[in-house]
Amino acid sequence: MAAQGHRRGLDAQGYIEREGSPTRVPYAFRPVVEAACDRILDVFGARLNGAYLYGSIPRGTARVGRSDLDLLLSLRDEPTDADRGGARALEAALDKEFAEIDGVGTLLFSRTRLLSDLETYDLGWFVACLCTPLLGEDLAEHLPRYRPDGLLARETNGDLALMLPRWRERIAAAADTGEARRPLVRSMSRHLVRTGFTLVMPRWNGWTSDLGEMAEAFGAYYPERAADMRKAAVRGYEPTGEPAVLRSYVEDLGPWLAGEYARVHGIKAPRP
């Protein structure tokens, strides 16, 4: 059993530390990040409030040719269709130009939403603890500090039951090929592992973004499901295209995890 005093990812006061830093960006990815900054300014201009990097690149664990570039943009107003179109064009251009990355993903939100009471323990926490500032205002200065407690667990991943029907729709709509299924396996595996980890996070008393460590932390409290979660962690990095994997996620592991999450932490506050 994991020790109650485990403090990985926490500061001396028990708050979750911001995990990324510009200094941790691997040398091979620095030209990509610099180009992203320039193009974000070109595309969004005065509409941009702030830009952030998150994921493996600012953590220093990215793999050349295998990792994607993950961006979050804070806009002065609600994102428009034109904003979303600009983001998609920016993603395509960066992905085409830089072989070091395998895709680009951009999240767009208004400053108002990121600082709203409803998002304090979800998107707000994400910005304050998992995002590395690149440009503009750092909204972490307006957000609280966070502990790995039940409130954070509920508001970050307490909506798996609502997501499962959408997953089934995506699976049904995907082409019947391994190539089409692999991105689904990757994203759903990662989501399940992160949900499993935050289920036990208050008892583990720490934070990590490493999928393997997340799975091990979960397995310490749910040994009967440990093997399933370890396999999901591996698929989060090296996805397969087997239809049985996706079926097991939406028929077995996902529903069980959603039910246990609701029992332990409750349901995430509804969004409009």
Side-chain angles (χ1 to χ4, degrees), residues 1-11 14-20 24 54-63 66-68 70 105 121-123 125-126 128-132 146-161 163-164 167 183-240 245-246 248-249 252-265 268:
M1 184 69 68
Q4 188 68 20
H6 202 303
R7 303 187 66 80
R8 174 173 170 79
L10 307 184
D11 65 15
Y15 294 104
I16 297 175
E17 294 182 303
R18 201 170 213 169
E19 63 176 16
R24 296 181 189 170
Y54 68 95
S56 61
I57 291 179
R59 292 199 302 267
T61 59
R63 299 175 294 170
R66 306 292 294 277
S67 297
D68 51 2
D70 295 311
Y121 287 87
D122 189 6
L123 289 175
W125 164 78
F126 185 77
C129 295
L130 305 190
C131 288
T132 298
Y146 297 88
R147 296 185 186 276
D149 57 19
L151 173 60
L152 183 63
R154 187 188 74 217
E155 292 305 306
T156 52
N157 288 299
D159 58 351
L160 180 58
M163 300 189 72
L164 289 174
W167 286 11
L184 297 179
V185 170
R186 181 179 184 270
S187 65
M188 293 176 190
S189 296
R190 291 185 171 208
H191 193 97
L192 288 172
V193 174
R194 289 166 181 155
T195 302
F197 171 70
T198 52
L199 171 63
V200 304
M201 175 182 66
R203 286 183 283 174
W204 194 70
N205 191 33
W207 175 261
T208 177
S209 283
D210 181 274
L211 296 180
E213 291 180 345
M214 286 182 163
E216 291 304 316
F218 168 86
Y221 298 95
Y222 292 94
E224 71 280 9
R225 286 284 183 172
D228 293 335
M229 202 62 75
R230 290 191 189 103
K231 290 176 183 177
V234 172
R235 295 183 190 120
Y237 291 122
E238 303 290 345
T240 66
V245 171
L246 293 173
S248 71
Y249 285 174
D252 178 30
L253 183 57
W256 173 85
L257 185 55
E260 183 66 5
Y261 215 98
R263 184 188 72 82
V264 175
H265 296 303
K268 183 176 183 175

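Counting begins at 1 with the first residue of the sequence. Side-chain atoms are counted along with the backbone in the values below, which use heavy atoms only and exclude waters and symmetry mates.
- Residues satisfying the side chain to side chain contact (heavy atoms under 4.5 Å, CB included) test with P58, not counting sequence neighbours, are L53, T132.
- Taking E238 as the reference, R63, R66 meet the salt bridge (charged side-chain N to carboxylate O under 4.0 Å, His left out) condition, with sequence neighbours excluded.
- Side-chain atoms of P148 and I16, non-hydrogen and from C-beta on, do get closer than 4.5 Å to each other.
- R230 places a side-chain heavy atom less than 4.5 Å from the side chain of E216.
- Put simply, CZ on F218 and CG on L257 are 6.0 Å apart, with the number rounded to the nearest 0.5 Å.
- Between the side chain of Y261 and the main chain of A153, a donor-acceptor pair closer than 3.5 Å is present.
- With sequence neighbours left out, A62 forms a side chain to side chain contact (heavy atoms under 4.5 Å, CB included) with F29, S56, I57, S67.
- Residues meeting the salt bridge (charged side-chain N to carboxylate O under 4.0 Å, His left out) test with K231, sequence neighbours left out: none.
- Every residue two or more places apart in sequence or in another chain was checked for a salt bridge (charged side-chain N to carboxylate O under 4.0 Å, His left out) with D210, and none qualifies.
- With sequence neighbours excluded, the residues that form a side-chain hydrogen bond (donor to acceptor under 3.5 Å, both in side chains) with R147 are Y15.
- At a threshold of 4.5 Å between non-hydrogen side-chain atoms, the residues Y146 and T156 do not count as touching.
- If you look at W204 and Y221, their ring centroids are not closer than 6.0 Å.
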Can I get a per-line list of side-chain donor-acceptor pairs under 3.5 Å for residues 183-191, giving both atom names and the distance, sequence neighbours left out?
unit_1: S187; atom_1: OG; unit_2: P183; atom_2: O; d: 3.2
unit_1: S187; atom_1: OG; unit_2: L184; atom_2: O; d: 3.3
unit_1: S189; atom_1: OG; unit_2: V185; atom_2: O; d: 2.5
unit_1: S189; atom_1: OG; unit_2: Y249; atom_2: OH; d: 2.7
unit_1: R190; atom_1: NE; unit_2: G236; atom_2: O; d: 2.7
unit_1: R190; atom_1: NH2; unit_2: G236; atom_2: O; d: 3.1

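- Looking at residues two or more places apart in sequence or on another chain, you find a side-chain hydrogen bond (donor to acceptor under 3.5 Å, both in side chains) between E213 and R8, T208.
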>> Please determine whether side chain to side chain contact (heavy atoms under 4.5 Å, CB included) holds for the pair W207 and L130, giving the CA-CA distance in whole Å, both sets of side-chain angles, and the decisive distance to 0.1 Å.
In response: CA-CA 11 Å; W207 175 261; L130 305 190; 3.6 Å; yes
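- One distance of note links CE of M163 with CG of N157; it measures 9.0 Å at 0.5 Å rounding.
- E260 is linked by a side-chain hydrogen bond (donor to acceptor under 3.5 Å, both in side chains) to Y222, R263, counting only residues two or more places apart in sequence or in another chain.
- Remark: the backbone N or O of A128 is paired with a side-chain donor or acceptor of R18 at under 3.5 angstrom.
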Report task. Using the side chain to side chain contact (heavy atoms under 4.5 Å, CB included) rule, take D122 and K268 through it: C-alpha gap first, then chi angles, then the decisive distance, then the call. Result -> CA-CA 10 Å; D122 189 6; K268 183 176 183 175; 2.6 Å; yes
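- Partners of Y237 under the ring-ring contact (aromatic ring centres under 6.0 Å, His included) rule, at least two apart in sequence or in another chain, do not exist in this structure.
- With sequence neighbours excluded, the residues satisfying salt bridge (charged side-chain N to carboxylate O under 4.0 Å, His left out) with D228 are R225.
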